Each structure stands twice: as structure tokens, then as C-alpha cells.
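Worksheet: one structure, shown below.
A quick note: this is a predicted structure, and the numbers were derived from the prediction, not measured.
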Amino acid sequence: MRRPVLLVVAHGSRDPRHAATVHELVRRVRALRPRLRVETGFLDFNVPSVNGVLESLDAEGVRDVVALPLLLTRAFHAKADIPAVLAEAPPRLRIRQAEVLGPSPLLLAALERRLYEAGLTPADKSSTGVVLASAGSSDPEAIAVIADVAREWRHTGWCAVRPAFASASLPRTEQAVRELRELGCARVAVAPYVLAPGRLPDRIARGAAGADVLADVLGPAPEVAQVLLERYDAARTPVLTALGA
């Protein structure tokens, strides 16, 4: 029995760094599991489109697909946009939508990896306040998840962790940086909780001007690739069970 194809569904961006980072992450996923077929489709701005990939797979005779939203929280894109696009797929395709990537302990490990790559060390944790800087959302569920992630991360030994948002919600990154200064943290670091570069990550970077350390986006961190495979495996099990595999 063939494994379902993994279709990574990315948002897309006019910024070419976005698609380049998505493709780099997908290459890492393929390297981790060489026998798994992994395709990439974009909702907007970039090609191939999700619809285009699904039509191509159908024409090849593929029947089972796991569509994985390349998103950190369950906001509008995961709840509405992606299901709507998948509903337009060729009817012979059996598609299961996987869960979004976050929250996950592996993502916290990826955030710390990026902070250490930016110059911090584990010995700095107790004296460093961290801004968990998200793109932002108008969805209350997504905002609550970011707040929960910040609280969980704080318990791993950081001086303090404050959530911040580049759009739709408050506080902004620069406000959270000031709060951590006022709290008395010896140093302040900004950890972008975003997957790829673009307009909102650039806004996060500008808001981090008053911080001591700015980490890179999560991008193709090995922990992120592993989360993709975990979400795929969790979604494919019901598919295979239904098929008697």
C-alpha cells in the first residue's frame, strides 16, 4: 500500500524569501524520509498553486493525500481558506487535512536553537527575557495559543517570556521589549515565532531594535521538519485504517 502523498500547503508571499524558505524546509523533510513523496502548494502569490498540485496528482493516478497547513496556529487560513481550497479538489482524491504545526515541544526547541545561533548560551537563560514575536491574528483561539506557548516556555528557565504580535493584536514587539527592560532582565532577546521571512517578520525585526539579540525565523530548522512528519503520521493513520491497510 502506497503512503499518502504529503502536500505542504504554504500561504505564499510576494517576498521571494518566503517561497525559498518553504522549499528549503520541504527539502529537509524529504531528506528525513526519502521514500515519502512530498509536494508543495501555495494559497496565493507563488506557484504551484494548491489546486494545480492536486489536479496534477489526480492526473497521475494518486488517490490519497495528506494536506498539511504550514501554519503555527489554527487561525482563519487553517479553519476556512485551506478547507475551501481542498473542497475544490478532483473528487477521486481522498484528502485528509493534518493539524497545524503548533503548539509542539519541538517548536520550542527550534526557538531556542535560533536564539543560541544568534549568540545566547544556555547559561544566559535565567538572566534573559524573551519576546515571543508572532505574526498576529484576529482569531482569539490563535492569540490564546501564543500566550500559552509563552507561559510554557517561561517555565523552561528564562527570566521571563512575553508574547508580542506584528499585526492585529497587542502588544507589539517594541512594547514587549520595553516591558522586559522594566522588569529588570539583564538582556532581552526577540524570538520570531514565524516560519519564513516576509513583511510581518520584517516588522518584528524593526520592533526588536531595542533588544540585545534578534533570532532568525524558524525556517528549515530540523525540529520544524520533524513536526511536519509527526503531523503527517498522525493524519495518515485514519486514512490507512479506512482503507484497510
Side-chain angles (χ1 to χ4, degrees), residues 13 15-29 31-32 70-73 101-136 145-167 169 171-228:
S13 172
D15 189 322
R17 298 173 298 168
H18 174 90
T21 302
V22 170
H23 290 310
E24 189 176 354
L25 173 59
V26 169
R27 285 194 293 271
R28 186 177 286 275
V29 172
L32 287 174
L70 198 60
L71 301 167
L72 295 172
T73 60
L101 303 185
S104 166
L106 284 169
L107 294 178
L108 292 181
L111 287 165
E112 295 206 358
R113 171 189 291 275
R114 294 302 189 224
L115 285 170
Y116 297 151
E117 289 170 349
L120 292 180
T121 71
D124 296 323
K125 291 184 74 168
S126 63
S127 58
T128 301
V130 180
V131 178
L132 180 70
S134 169
V145 166
I146 299 300
D148 287 343
V149 171
R151 280 192 293 269
E152 180 180 352
W153 202 17
R154 164 67 182 84
H155 294 315
T156 66
W158 296 100
C159 173
V161 179
R162 294 286 189 273
F165 307 93
S167 67
S169 305
R172 294 288 185 258
T173 302
E174 53 269 31
Q175 293 172 286
V177 169
R178 287 196 297 270
E179 287 179 11
L180 291 172
R181 292 284 188 211
E182 293 168 0
L183 190 63
C185 297
R187 66 183 62 78
V188 175
V190 174
Y193 192 55
V194 293
L195 288 166
R199 178 176 58 87
L200 293 180
D202 284 349
R203 186 178 296 173
I204 290 171
R206 290 193 296 271
D212 302 294
V213 174
L214 171 62
D216 199 358
V217 298
L218 295 173
E223 296 88 354
V224 178
Q226 189 60 50
V227 176
L228 262 72

>> Once rounded to the nearest 0.5 Å, what's the spacing between atom CH2 of Trp158 and atom CG of Leu132?
In response: 11.5 Å

> What are the two closest heavy atoms between Ala215 and Leu115, and how far apart are they?
Replying inline: CB-CD2, 3.8 Å

>> Please report the interatomic distance OG(Ser134) to CZ(Phe165), rounded to the nearest 0.5 Å.
In response: 6.0 Å

> How many angstroms lie between CZ in Arg151 and NE2 in His155, if you round to the nearest 0.5 Å?
Replying inline: 8.0 Å

>> I need the minimum non-hydrogen distance between Ala133 and Val194, along with the two atoms involved.
In response: O-CG1, 4.4 Å

> Under the 3.5 angstrom rule, does the side chain of Arg203 hit a backbone N or O of Ala166 as a donor-acceptor pair?
Replying inline: yes

> Side chains of Leu214 and Pro192: closer than 4.5 Å at any heavy-atom pair?
Replying inline: yes

>> Run the side chain to side chain contact (heavy atoms under 4.5 Å, CB included) test against Ala160 and tell me which residues pass, sequence neighbours left out.
In response: Arg162, Leu180, Leu183, Cys185

> Distance from Trp153 atom CH2 to Asp148 atom CG, nearest 0.5 Å?
Replying inline: 15.0 Å

> Step by step, would you call Leu228 with Leu70 a side-chain contact (heavy atoms from CB on, under 4.5 Å)?
Replying inline: CA-CA 8 Å; Leu228 262 72; Leu70 198 60; 4.0 Å; yes

>> Could you report the tightest heavy-atom contact between Ile146 and Pro163, atom names first, then the distance?
In response: CG2-CB, 3.9 Å

>> Using the side chain to side chain donor-acceptor pair (under 3.5 Å) criterion, which residues pair with Arg17? Sequence neighbours excluded.
In response: Asp15, Asp202

>> For Arg114, give me all partners under salt bridge (charged side-chain N to carboxylate O under 4.0 Å, His left out), at least two apart in sequence or on another chain.
In response: Glu117

> If you take all heavy atoms of Cys159 and Ser126, which pair is closest and at what distance?
Replying inline: CB-O, 3.3 Å

>> Please list all pairs meeting salt bridge (Lys or Arg N to Asp or Glu O under 4.0 Å) that have one or both residues in residues 124-133, counting only residues at least two apart or in different chains.
In response: Glu112-Lys125, Asp124-Arg187

> How would you list all residue pairs meeting side-chain hydrogen bond (donor to acceptor under 3.5 Å, both in side chains) that involve residues 172-183, not counting sequence neighbours?
Replying inline: Arg181-Asp212

Which atom pairs, one a donor and one an acceptor, fall under 3.5 Å between side chains of residues 216-227 and the rest of the protein, sequence neighbours left out?
unit_1	atom_1	unit_2	atom_2	d
Glu223	OE1	Arg113	NE	2.9
Glu223	OE2	Arg113	NE	3.0
Glu223	OE2	Arg113	NH2	3.0

